[in-house]
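Input: a single structure, listed below in structure tokens.
Chain letters run A, B, ... following the sequence lines, proteins first, then strands; residues in each count from 1. In what follows, every heavy atom counts, from backbone to side chain, and hydrogens, waters and symmetry copies are set aside.
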Number of protein chains: 2
Amino acid sequence: MDSSGDRRGPSRRNLLAGATGAGIALGTAGFVATGARGATQPEESSPAAPPEAYPFHGRHQAGIVTPAQDRLHFAAFDLTTTSRDDVIALLTAWTAAAAEMTAGRPVGGDPTSYDSPPNDTGEAQGLPAARLSITFGFGPTLFRDASGADRFGLAARQPAALTRLPHFPADKLDPRRSDGDLCVQACADDPQVAVHAVRNLSRIAFGTAALRWSQLGYGRTSSTSTEQATPRNLFGFKDGTANLKAEEPAELDRHLWVGRGDDPKADWLAGGSYLVARRINMNMETWDRSSMREQERIVGRDRPAGAPLSGGEEFSEPDFALAGRGGKPLIDENSHVALAHPTHNDGARMLRRGYNFIDGNDDLGRLDAGLFFIAFVRDPVRQYIPMQTRMSRQDLMMEYLQHRGSGLFAVPPGAAPGEFVGQALFA
Amino acid sequence: MDSSGDRRGPSRRNLLAGATGAGIALGTAGFVATGARGATQPEESSPAAPPEAYPFHGRHQAGIVTPAQDRLHFAAFDLTTTSRDDVIALLTAWTAAAAEMTAGRPVGGDPTSYDSPPNDTGEAQGLPAARLSITFGFGPTLFRDASGADRFGLAARQPAALTRLPHFPADKLDPRRSDGDLCVQACADDPQVAVHAVRNLSRIAFGTAALRWSQLGYGRTSSTSTEQATPRNLFGFKDGTANLKAEEPAELDRHLWVGRGDDPKADWLAGGSYLVARRINMNMETWDRSSMREQERIVGRDRPAGAPLSGGEEFSEPDFALAGRGGKPLIDENSHVALAHPTHNDGARMLRRGYNFIDGNDDLGRLDAGLFFIAFVRDPVRQYIPMQTRMSRQDLMMEYLQHRGSGLFAVPPGAAPGEFVGQALFA
């Protein structure tokens with residue numbers, strides 16, 4: 001089943017407004033059998049309700065065009081083994097566990113003996129599947145180590161675009177929040193379900209791979225379906241209005257999914273994508289002391305509605321030529337919306353799927369908070385790197401941002417039943 | 001209005017299962033006027049639906065017996081001023097802002113000029129009140145500094161019980177996650193709403209108080225109403241089954257609310273309570289490798305249902321005398337449930353209101369995760385300190401726990417309209 005077709009799921013907020021009765025919490029859309037863990041639920045047919053669970057198997061991995069869930073737990077792992085067979089065994093076990101967890105079932109069933117550790121850590125018992133998606137990616141270091149050595153016999157198949165992202169101007173990267181051999185993006189509408197997924201995958205990896213870094217995102221900042229309202233970031237603005245959406249299949253083929261022949265060495269990636277992760281701290285204390293006028297100039301949109309400063313509504317196309325008093329464009333050419341817009345990026349679009357984060361505060365009492373930026377693109381070299389290079393130099397908002405973490409991962413296509421994720425790479 | 005009477009609100013999960021129609025997301029229970037920020041909503045009357053907003057004013061502060069919301073942002077502040085008037089001004093401004101935000105309104109209305117910073121940071125615009133509660137507390141250092149000096153003319157009214165918690169065996173406290181002059185507990189069903197509250201209170205405090213530490217909790221671990229299901233902690237178990245509940249007013253008067261005359265120096269605290277905060281790291285990697293039998297022995301309950309090992313269902317009273325094979329008690333005397341039970345603590349009970357947290361991982365790849373324990377008690381000297389002393393020595397679970405943060409705060413009673421929180425202390 002093609003997970004790119006799962007466009008029935010509005011956000012939890014839309015869900016709350018639109019749905020009726022107990023079918024919301026327990027029902028399914030007749031889509032995939034599911035239920036609270038440890039219990040079976042009768043399948044219901046309710047075309048208005050979103051599925052409670054997304055299918056794990058499909059042509060594409062879930063968690064990309066899947067309507068963005070409310071919560072995120074992202075994790076990067078480093079392999080501690082030197083054995084190619086161990087890597088295959090890990091991906092096989094991860095695939096099986098992900099299929100179980102995304103269906104709302106515990107990992108590995110109940111223990112056969114009380115004298116063994118339980119197969120599942122248990123904290124999601126009784127919770128529904130919560131629209132969990134688990135998306136796996138491969139970092140450049142899976143293919144070659146820092147010295148360039150071929151770690152697992154995969155170097156010849158490393159995509160040309162899969163290298164460490166360049167150092168952008170003003171980057172202040174923390175290696176402990178960057179890179180990794182493997183990545184896991186777990187998204188769900190219940191954070192306990194997303195955390196449970198990463199924890200159980202970490203546990204399965206014990207002895208083969210170790211957690212390198214992880215990031216909890218508490219609120220989605222993007223919509224990936226036209227049925228979702230655009231949420232607000234921590235600067236109080238709607239962002240990502242022009243995002244690629246699940247309802248644009250031709251655009252997705254053009255901008256999101258790697259095509260066969262894109263990279264002759266890496267046809268195993270066809271039907272997959274690239275995941276760019278950036279941990280972007282937002283200096284809220286200084287932002288909050290700037291005037292509303294200045295904030296809107298920096299963003300290029302008004303705050304209340306998210307409309308471009310050239311006029312209209314949220315989804316009106318910005319008119320970058322329209323001038324106001326004194327002949328100056330109403331939208332500053334160095335505003336965030338101008339620099340990120342496809343017309344200023346050779347037509348490049350991306351599917352953003354980021355989350356707000358907050359991780360306590362620093363020694364000066366400033367919140368350690370911001371945007372955990374995630375974007376999926378067909379070609380990071382063409383779609384992300386030039387734009388970020390320009391934005392890091394010119395974007396007026398950069399005064400209030402610090403990029404502290406970074407990662408690029410190749411996201412293989414979805415697995416069919418009986419396959420493991422990324423199997424074609426090892427074939 | 002007495003916020004201790006707000007017992008109509010089941011958890012979000014119950015809400016999903018039990019409610020119907022658009023009244024869930026937008027409606028109220030005819031209880032307090034509210035609506036999405038920036039819009040007014042018609043008031044509806046729906047006895048089954050919980051209120052979307054809890055009243056801020058009342059005899060007790062909200063956020064104590066209020067049905068535990070799903071998400072937490074807790075913050076501790078240190079005063080940077082030496083002026084008593086500044087402290088009063090801060091509490092006055094905080095009270096006004098809290099009343100607005102808990103009703104789902106932006107702080108301070110819209111800006112009068114685009115040339116000024118907006119009064120509200122904006123990221124909660126369009127979101128409902130999300131059952132936000134904001135609870136304020138006073139730490140011992142508000143009364144006396146480290147040298148014992150009276151900072152704001154309040155030392156004579158410091159409650160005898162309000163001192164720094166003692167060092168318990170095995171404590172590994174981080175001063176940057178402990179203590180503070182003031183605390184704010186913001187709870188809501190939407191984390192963006194809770195974060196928005198702390199951020200705006202921090203902003204209001206600028207120049208008077210600075211954030212000392214803060215903690216995000218992503219999932220509640222306690223029920224404070226009989227209408228809420230007991231959630232699971234990160235060890236996969238139901239915890240806090242014996243919690244004080246809103247539906248036990250006589251028990252609340254006995255164990256939770258400070259009474260007039262409890263402390264002659266501190267009658268300003270009558271109708272308030274004490275808040276104990278403990279950041280307890282849980283060593284999940286080692287826990288996950290112990291057998292199910294061992295896990296259940298440590299907890300004293302079974303994992304699937306949360307029933308005591310002496311038999312019955314979740315809410316069955318544990319029978320600590322009941323012996324099994326070999327004459328040994330079925331519930332280990334050093335199990336968590338035995339040591340925490342009122343029968344082994346001179347009848348002391350508490351109202352727990354803690355949250356699961358996860359803050360990335362350490363250098364060894366272990367998740368920095370656990371329980372942010374919050375408990376409200378009438379007298380910490382009698383109800384918390386002896387129990388924690390015993391548990392830190394004997395609790396079998398301590399092998400898997402590390403207490404890394406600690407705080408004790410006096411939580412004044414609720415404010416009437418026109419008063420500020422804690423006003424009686426300054427009278």
Could you measure the distance from the [atom1] atom of [X] to the [atom2] atom of [Y]? Nearest 0.5 Å is fine.
X        : Y        : atom1 : atom2 : answer
A:Asn361 : B:Arg177 : CG    : CZ    : 9.0 Å
B:Arg297 : A:Tyr114 : CZ    : OH    : 16.0 Å
B:Leu216 : A:Leu216 : CG    : CG    : 7.5 Å

Check side chain to side chain contact (heavy atoms under 4.5 Å, CB included) between A:Glu314 and all other residues, then give those that pass, not counting sequence neighbours. A:Thr230, A:Lys238, A:Thr241

A:Asp115 versus chain B, the contacting section by heavy-atom distance below 4.5 Å: both

Contacts of residues 198-207 of chain B with chain A (heavy atom under 4.5 Å):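 Contacts with chain A: B:Arg199, B:Arg203, B:Phe206.
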
Residue-level interface, residues 282-289 of chain B with chain A, non-hydrogen cut-off under 4.5 Å: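 So the qualifying residues are B:Met284, B:Trp287, B:Asp288, B:Arg289.
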
Between B:Leu234 and chain A, which part of the residue has a heavy atom less than 4.5 Å away: side chain, backbone, both or neither? both

Interface moiety of B:Thr121 toward chain A, non-hydrogen atoms closer than 4.5 Å: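 For B:Thr121, the contact with chain A is made by backbone and side chain together.
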
Which atoms form the tightest heavy-atom contact between [X] and [Y], and what is the distance?
X        : Y        : result
A:Ser214 : B:Gly360 : OG-CA, 3.5 Å
A:Pro118 : B:Arg303 : CG-NH1, 3.5 Å
A:Pro191 : B:Arg71  : CG-NH1, 3.2 Å

Do you know which of [options] has the most heavy-atom pairs under 4.5 Å to chain B?
options                                : value
A:Leu364, A:Val195, A:Asp362, A:Asn356 : A:Val195
A:Gly236, A:Ser291, A:Pro304           : A:Ser291
A:Asp363, A:Asp368, A:Asp78            : A:Asp363
A:Gln215, A:Arg366, A:Arg176           : A:Arg176

Just give me the residue among B:Arg293, B:Arg212, B:His73 that pairs up with chain A most often, heavy atom to heavy atom, under 4.5 Å. B:Arg293

Please tell me if the side chains of B:Pro117 and A:Gln295 come closer than 4.5 Å, counting only heavy atoms from C-beta onward. no

My understanding is that only residues two or more places apart in sequence, or in another chain, count here; which of them pass ring-ring contact (aromatic ring centres under 6.0 Å, His included) with B:Phe77?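 Once residues adjacent in sequence are excluded, the partners of B:Phe77 under the ring-ring contact (aromatic ring centres under 6.0 Å, His included) criterion are B:Trp94.
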
Taking A:Asp359 for the side chain and B:Asp359 for the main chain, is one N or O donor matched with an acceptor at less than 3.5 Å? no

Under the 3.5 angstrom rule, does the side chain of A:Arg232 hit a backbone N or O of B:Gln125 as a donor-acceptor pair? yes

Just do the side-chain contact (heavy atoms from CB on, under 4.5 Å) check on B:Glu123 and A:Phe235 with the steps written out, would you? CA-CA 6 Å; B:Glu123 72 271 26; A:Phe235 284 166; over 6 Å; no

Working note: B:Thr221 + A:Gln192, criterion side-chain contact (heavy atoms from CB on, under 4.5 Å); need CA distance, chi angles, decisive distance, verdict. CA-CA 11 Å; B:Thr221 61; A:Gln192 183 103 336; over 6 Å; no

